[in-house]
Structures are given as C-alpha cells and as structure tokens.
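The next block holds one structure in the form of structure tokens; read it before the comments.
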Amino acid sequence: MLQQTIAVVLMNLRSLPERFAPSMVAIVGVAVAVAVLVSVLGMAQGFSHTVGGTGRADRAIVLANGVLSESSSQLPREVIAAVSDTPGVRHRADGKPMISPEAVVAISVRKPSSNTSVLVTLRGISASALDVRSEIVLAEGRLFRPALREMIVGQLAAAEFAVKVGDTLNLNGVTWNVVGIFAATGSGSLGSELLADVGTVLPAYRRLQFQSVTAQLESAASFQLFKDSVAINPVVNVAVERESEYYAAQSRDFAALLEYIAWIVGGLMGVGALFGAVNTMYSAVRSRSRETATLRALGFGSPTIAAAFLTEALLLCLGGAVLGAALARIFFGNATASTPAGTGEQLIYTFRLDAKTIGLGVLCGALVGVAGALFPMVSALRAPIPPALQE
Amino acid sequence: MKYALLIWVGVWRRPLRTVLTVLSIVVAFLLFGLMQGISSAFGTVQERLRADRLLTTNVSLLPLPYSRLGQIEKVPGIRKVAYAAMLVGNYQNPHNTVVPLAADVRRLFEVFPEWKVSPEVLRAMSSTRIGAIVGSALAARYHWKIGDRVPLTSPTVQADGSAVWTFEIVGLYDAVDSFAGANGFFVNYEYVDEARLLDKGTVVQYLMLIDHASEAGIISSTIDHLFESSPSPTKTESERQSVQSRFNQIGNVAFFVRIILGAVFFALLLLTANTMAQSVRERVPEFASLKAIGFSDGIIAILVIAESATIFIAGAALGLIGSSVFLTKVPVPLLEPRLSAPVLLAAAGMCVLTCAVSTAVPAWRARRLTVIEALRRA
C-alpha cells in the first residue's frame, strides 16, 4: 500500500505547477502568519533572556522591605556593615567579604536615532562590585578612578546612544567623562547601563542612601543561611532575594504581554491562513475530481487518496511556514530593540529567534496544513464516482 | 434592480468558496480594526493633553526649592501657578501604588480646570490638616468613601520615624475630558512638608496654566533661563510634550502596526484575486450567454466588480463590527480605543483598494470576452 500512496502523492505533486496561483495563496497566508508569530515571540524571548540573564543563583540582592524594584528601594549605611558580617557571604583571598553596595539613578539621555529622551540607569558602584559582578569585562579604555566624575558605559548603551571613549556627557545637569566601555558577558541588563563610582554618584545627585546591596554567596546553597541570618538581625529591616529570582520576576510582566500580543495577532493571522489553505485545498480537490474518481474506480483505497491530499497540504503549509520563519530570521534575527523595562529605564536587547521559537512556528504551519486539508479531503472521498468521471 | 439578482446568484455560485473568502476578509478587517483602533487611540489621547499647561521640574529629577513660586508667578503670560511635592506610597500591599500629591489644593484645581470639585470640599481641606481629595475613579477602585481614614506606606519617612501616613478623605473630584482621569490623591502640602524628615521646603514640580498655548516655548525658556545658573536648574515643557516623549519611549507602535497590516492585506489580496479569477474563469460560458443575449461588455465587467464588492463589503463590515465589540469589551489602560471616524474611513479605503486591485484583471478579462470564443470553450 505504501507504494500506491507514494505513486499517488508523486502524481499529485507533479501536477502542482498547474495550480500555482491557489497554491501560492496557502503558502503566502501561512508564511505571513508564521513570520509575525515568530518575530514577536523572538522579541519576548530576547527580552526575558536578557533580563533573566542578569541574575545569578549564587548571588543575593538586598533591598528595602516592601518595594517592588531596586529603584524604589532606599537602604541606610548600617545595612552594608550588617550584610558584610552575615554568614554565607564568600570572602576574597584577603578576607574581605564580596558585597557590592550600589546606588541607581534614572538618567535622561537623548537617543540620536529618534531624537527623543529616554531613561537610562546610572549605577554607582565601588571597587568591590567588580569582584561580585565577574561578568563585567572592560572592552575599551580603562576603569573610572574614584572620586572623579568618570564613568564606563555598557556596550549596548554605547551603541544605542552613539557614545565613544573620550566623550563628555551632561547627564541631568552633571558632567561626566566616558573613560571606558565594558561588556557584560552572558547577556544581562548591565550592558544597557552606565557605571560610575558610587562615592561620586551619591553627592552628584544629592542622594543620601544606597538602593541595594548585592552579595556574592559561597554557593547557591548558602542562600537560605544568608537570608535567615539577615532576617534575625535586629539592626536592619530588609528584603533578601536570590538575584536570579528577582530579575525573573522583573521581566515577567512585559514578556507575558509580548507573548500575549504574539499569540493573538499571530493566531488571528493563522486563522486567516487556515481559510486560505482550505480554499486552496478545495480548489485542488475540485480540479482533480476526475483523476480522483478514476483512481478510486481503479481500486486505490481511501487512505491512499487521503494521504495524497494531506501530503500536498502539508507540503504547501510547511513550505509557507519555513518561508515565514526564514523571513523573520532574516529581518529580525539580529535586530535590537530598546524598550522600557520594569521601572521605566531602557533595556537594550536582541531578538532571540532560537530553534524552539522557529520550531513552534513551523509546527503551527503544519497544524494549519492538516486542519486545512481535513474537510476538502473528506469531500473528495465522499464524492460519488460516476458523475465525477464524466466531468 | 434586475442586476441584483444576477449579482446575488454569481456570489453564491460556489457557496463554500464564497464563505471562506468572506471569512478571510473578516479576519483581515478584524485585525485592521483592532490595530488601527489602538494605534489611533494613542493619538487621540495625546489630543487631550494641554499645550497650554506647563510643567517645571528639576533637570536631575531632584526636588526644587518652594521659594521659587514668587519668581515664577511674575513671568509674563502665566495665568495660574501651582506646586506639588510627591509621596510615593502603597495602600495595603506594594502592588497598590498610590502617589499622593502634596499641594495647595486651591491652586492645583485652578491649574486643572477639567477636574471638577465642589467649593465645600476645598474648604474642608483647609480645615482638615490630614485631609485628602481623591479622584472618583481611584476611590471606586479601593472602595473608599468620604470620611474614610486611609493609611499609606511610603519610603518617605516622617520626623518621628514612621513610614505610615494616614489621610482622611474629605471629598471626591471628577474629571471631564482629562488625560489622567479622576485618579489623583491630593493632600495638604503644609502637613506633608512639616511631617516629613527630609527634603523640607521643596517641591517636585511647578504646574502652570498660560494664557496662550502658542507662547509655551517662550515662557518655558524664560523660566529655565531664570534658574539655569542656580544649583538646581529647571526643565520646563508643556504637558503634551512631556507625555509624547514618554510614549515615544515605547517605540514606534504605528510603524509595527503598519508592517503587520501590510503583510496581512498582501496575503488577502492574493487570496481574493485568486478567488475572483477562478470564479470568472469558471463562468466564461455564462458570461458568453449573457453577451449573446445582448448584455454589453461594460455591464458584464460591472457585474463582476459588483460581485466582488458585495463579498468585500460583507466581510469588512463583519470584521469591523467584531473588532469594535472586542475593543469595547477588553479594557486597555489609559486608552479608550474605539472605531473612530478616521479609522472607519481608512477601513473603507482599504476595502475599496483591495477590491479594486483584486478584481481589476478578472473584470477586464470578462469584458474582453468575445462571444464566439467563449461559447466554443464551453
């Protein structure tokens, strides 16, 4: 029976060029729907990958109690001493605890491409931050010197805002010299940020308090020990979270919104593509009603005929899906987006059209093909043979 | 009309194909209505922003001295000035953000004439130190009534160390045609400034109404010039400008919408052109018969066009009605997406354009049929 099926399938496929126009309808319909679905999902993936990649399971972030994010947290200096002495924190070779007290300021920067002002994060760090945040690697220039208004800029931010080493930036009334550009290996939101000495940032923007303390733990397993020790400390009233969980929560809402949009718009377009595919298959069935009736009269079984039409539908729709995914990959594969993240500051990230997303798109195309072939197939098999032979 | 019957019969010649085509058109216009509806809502909402209301903030987003009120009032062209300090707080849990504006409420309501409040409420504010005027929408959200005491937790600590601020609601206000709606929480500046530990004597922004919106640029520069060499230089811009730049941060929504809709309508064009071409090809003998009876070439072409138009209008109407229902049922924050006249006009345009392009060739072919050739093919 397999031989029969293959023969009929090949026969159908050979006649495909006759039905070029209707076939294009199915291909283009599916291509367009899959392209949109895959692109928007790629954007959502890129976003959550970048934000999620910022946090490590073996680091903890300490914030004021009851705040939703770092920028609304305010910590007094006592917290720094308290966290330094807490068990669970890794120590350097010279015995110093690996903790990084940080201040974040939302800065208004002009985007040259659209000539609008957006908010960017300026993070005040101390020397210990480079021990804790080992993903920071200097790509150009040098590190800033303490007590001077010098800063280093993340690669992504430097590209987005056209900033080079040696530039002078006036940020919200304070003038800074850009002395270096750094890369944040392993993605993460740091690449969209500006880093400077916390001792300079605090007085420059008239701040008295830090926003957060990030601690490098001895291991991911030490987190509970660290958290409990901080909780029973009467001096401070803070919230402790595993850094990876904190950032995952920050990205959840926006990523979910993008995925929602992707499925709604892509879904609607998929429904439209389905109608197109059904139309195509009906015209395919109709144009070969005589051949089909002949085959059935000769004794070819229903499964064989059905398989032939199904194969044709799958081929067209999979072809469309692959075309759509390829278009999405070509146009958006390496696109960068710059949108406000959780608290309004810009996050710069690349679209992520990975194998899983593309596979999902192709699968949807296949589903449209199967669904589109269903009813036409049934009508082909149920048509009475004699009138069909006379057509 | 005798032609109506002909058109109708033509439309329903292959019912399934017609239904599928109509459904595809419905989906395309559903998407069109949804996306254009939301995109144009962005634009409408920005219309509500006043170009004659200016906001002055510190360039570095820190507080400004309260003492500047006098200087600002003297700038020519300014009608009313108000000031406000902010307390960022939450009610009951960190997700219920409430941001009380501490101000001289009389001045504030003068600068926002679209907010309606009764004079008794304003009087009650001056006699109740911890009083609050709350927007009717905000009060409805948390089921607050007049007389309720509302505790808010804020990182702004009071002089006595407490982070909980309690206010008593003395009245509600309504908003008419206002961008922000009735979602404000206004408290007395004197109380907040006295009770807070840090930033005493400061405000976060000055808000003013000017006489002529056209003077917004000049007045903004004048104000900023006054303070540019002070320790806290200012940035003044109209309300409309400041919200527009925040919207622009979200990215070019209109651009993406246009791309997606372009792709959708391209696919739709292909589908309907194919359908109409098939339909005409199948009915060549019929058209030939009609011509033999005496129908002119022009009429035949018009029949084809009319058929296509019927399908399109039906599909577009259903799609737009569907999107309108969806838009009203699903709440979108801050926007009121509706199918406004411009969107409907655009939809009609798209409908006519797509119909014309997809029907052009088949109609022309039908017109050019010679009776003899056509009957021979039958």
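Owing to the predicted nature of the structure, the values given are computational and were not obtained by experimental measurement. To find a chain, count down the sequence lines: A is the first, B the second, and so on, and within it residues start at 1.
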>> Please classify the contact of B/N93 with chain A as side chain, backbone, both or neither, using a heavy-atom distance under 4.5 Å.
In response: neither
> Minimum heavy-atom separation for B/L270 to A/M24, with atom names?
Replying inline: CD2-O, 3.8 Å
>> Below 4.5 Å, heavy-atom pairs only: which of A/A35, A/G29, A/G276, A/P22 has the largest tally toward chain B?
In response: A/P22
> What's the spacing between A/L268 CG and B/L30 CG if we round to 0.5 Å?
Replying inline: 5.5 Å
>> Against A/N279, only a single residue in B/L271, B/N274, B/V19, B/L23 fulfils side-chain contact (heavy atoms from CB on, under 4.5 Å); can you say which?
In response: B/L271
>> Looking at B/R17, I'd like to know if its CZ atom is crowded, meaning that more than 12 non-hydrogen atoms belonging to other residues, nucleotides or ligands lie closer than 6.0 Å.
In response: yes
>> I'd like to know whether CZ of B/R13 has more than 12 heavy-atom contacts from other residues, nucleotides or ligands below 6.0 angstrom.
In response: yes
>> Nearest 0.5 Å, please: how far is OG in A/S379 from CG in B/L16?
In response: 8.0 Å
> Got a sec: does the CZ of A/R19 have more than 12 other heavy atoms crowding it under 6.0 Å?
Replying inline: yes
> Between A/V278 and chain B, which part of the residue has a heavy atom less than 4.5 Å away: side chain, backbone, both or neither?
Replying inline: both
> Can you say whether A/A21 sits under 4.5 Å from chain B via the side chain, the backbone, both, or neither, judging by heavy atoms?
Replying inline: both
>> Looking at every non-hydrogen atom in both residues, tell me the closest pair between A/V32 and B/A267 and how far apart they are.
In response: CG2-CB, 4.4 Å
> Relative to chain A, which of B/I25, B/V264, B/T97 shows the most heavy atom pairs under 4.5 Å?
Replying inline: B/V264
> Who passes side chain to side chain donor-acceptor pair (under 3.5 Å) against B/T153, sequence neighbours left out?
Replying inline: none
